[in-house]
Amino acid sequence: MKLWKKLWKRVHRLWTELDQCFPPGYEFTWERNTAAVLLALSMVLSLQYFVKLRQAVAWLYYVDRVHGRVLRPDAQARTFLELAGQYGGLFVPYFLFLAIMAALHYAYYHRDTKSIYLMRRLPRRDVLVGSCIRVPLLGTAVGILAQMMLGLIYYGSYLLVMPGECGPAFW
Amino acid sequence: MLEIRGLNKTYFDRMGARQVMFDVSLAIGPGEIVGLFGENGAGKTTLLKCILGFLPCKGEILLDGRPIDKSNIQRLSFATCEHSFFPNLTPDSHAEFYQMQFGTFRRERFRTLMEFFELPRRKALKSYSTGQKNQFEVIMALCQGAEYILMDEPFAGNDVFNREDFYKVLLGILEPEETVFLSTHLIEEVERFIGRAVLLKEGRIAGDVSTLELEEQGRTLMEYVKEAYGYRADRVNRALENLTGV
């Protein structure tokens with residue numbers, strides 16, 4: 001419980017103090033929230049996989065009056081990638097938004113004032129590049145991590161419900 | 001010493017290639033206060049931006065014999081009428097940012113100047129008036145801790161009293177090794193504060209004179225500028241005569 005509290009505190013702090021990762025003075029709330037909504041939406045929509053998995057499993061069986069649900073003799077399980085592969089595409093808007101974010105961050109230095117002149121005069125040149133791509137990179141890492149986590153859950157459930165006799169396979 | 005050797009700048013746009021700087025050479029020593037004058041489009045801003053590396057150009061720009069790069073860029077600061085601050089941040093946040101990025105930031109000077117010009121330190125800069133924004137822009141250029149302070153029309157939009165105050169403060173606070181290269185149209189106003197005037201005309205150096213020389217010759221800076229530019233004083237009278245027929 002303590003560990004969870006600690007972890008939650010860390011995540012909350014990162015969420016609220018994210019301004020240090022954005023360009024100085026950047027109003028980042030809508031961007032942060034939009035990215036979070038897009039990621040959440042991609043994850044929720046990918047849950048359709050379970051419906052597809054259920055249908056795929058159902059196809060492997062026929063119903064017998066005597067024996068009930070019976071595995072078809074020629075039943076061949078669909079591979080995991082066939083079932084889940086398309087859901088990776090749901091994350092495309094999220095990753096696209098991250099790319100747009102990087103462009104918006106750079107454009108910020110030309111908006112209202114020419115703060116780009118200050119950024120380009122900094123002795124540490126990586127400050128300018130870092131302020132533009134730090135959050136998109138962080139977002140990409142979070143997105144990939146989320147995909148991997150979902151992938152593991154989905155693959156685990158695939159192995160769990162697919163009958164071994166039908167040759168379940170990753171691809 | 002800031003040296004510019006054989007600087008050429010060409011813009012490439014839809015109209016084709018357009019050269020705007022022609023073989024400009026200039027040397028500015030430490031402690032000098034140099035005014036950069038010229039008509040609109042003469043190349044003043046382009047020259048400053050080339051020095052700072054914002055625009056690619058041909059020729060050499062050296063700071064104490066070394067090209068300007070990330071190792072010595074902090075020896076230059078820049079105040080521009082376009083403003084280079086972050087409008088959503090407060091002056092105090094800027095001070096923190098400068099402190100973090102430039103180890104040479106002059107905090108005490110910053111505090112003194114902010115107080116002198118009565119600028120609120122905890123208000124976002126976007127809520128400042130244009131005059132206040134200009135003041136803040138110059139303050140940051142002066143407080144960065146740079147040896148060469150480049151200014152491009154920094155007082156556009158400030159009233160005359162305010163400008164007068166600034167010139168005086170500038171002279172009062174500058175340390176012997178601090179150099180100012182100031183681009184402005186306010187020739188008569190800055191005459192008393194600069195030690196040298198550089199004139200640009202159509203991308204070429206049209207004049208380079210110390211105010212001491214002018215004094216010895218009994219000429220004003222304005223007279224020198226008019227002569228260097230081939231200003232025709234009778235032009236206006238002739239035009240009026242043509243218009244009114246008198």
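First the proteins, then the strands, lettered A, B, ... as listed; each starts at 1. When reading the values below, keep in mind they use all heavy atoms of this one structure, side chains included, and skip hydrogens, waters and symmetry mates.
- Listed here is the closest heavy atom pair of Pro87(B) and Asp112(A): CG-CB, 3.9 Å.
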Working for side chain to side chain contact (heavy atoms under 4.5 Å, CB included), residues Phe102(B) and Leu122(A): CA-CA 7 Å; Phe102(B) 304 101; Leu122(A) 299 179; 3.6 Å; yes

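- For a residue to count as touching a neighbouring chain, one of its non-hydrogen atoms must lie under 4.5 Å from one of that chain's; by this rule Leu125(B) does not touch chain A.
- In terms of heavy-atom pairs under 4.5 Å with chain A, the best-connected choice from Ala124(B), Ser71(B), Ser77(B), Ser93(B) is Ser77(B).
- Contact annotation for Gln144(B): only side-chain heavy atoms (C-beta onward) come within less than 4.5 Å of a heavy atom of chain A.
- For CD of Glu115(B), the number of neighbouring non-hydrogen atoms (other residues, nucleotides, ligands) closer than 6.0 Å is greater than 12.
- Using a 4.5 Å cut-off between heavy atoms, Phe85(B) touches chain A through backbone and side chain atoms alike.
- Proximity of Asn88(B) to Tyr108(A): side-chain heavy atoms (C-beta onward) are separated by under 4.5 Å at one or more points.
- Counting only heavy atoms from C-beta outward, the side chains of Leu52(B) and Arg121(A) approach each other to under 4.5 Å.
- Heavy atoms of other residues, nucleotides or ligands lying less than 6.0 angstrom from CD of Glu27(A) number 12 at most.
- Considering only heavy atoms from C-beta on, Phe54(B) stays 4.5 Å or farther from Ile116(A) through its side chain.
- Proximity to chain A (any heavy atom under 4.5 Å) is shown, for Phe78(B), by both the backbone and the side chain.
- Using a 4.5 Å heavy-atom cutoff, the side chains of Ile73(B) and Arg125(A) are in contact.
- Only the side chain of Thr80(B) has a heavy atom closer than 4.5 Å to any heavy atom of chain A.
- With a 4.5 angstrom heavy-atom cutoff, Lys126(B) touches chain A only via side-chain atoms.
- Looking at Asp69(B), the atoms closer than 4.5 Å to chain A (heavy atoms on both sides) all sit in the backbone: N, CA, C or O.
- The CZ atom of Phe97(B) sits 4.5 Å away from atom CE of Met119(A), with the distance rounded to the nearest 0.5 Å.
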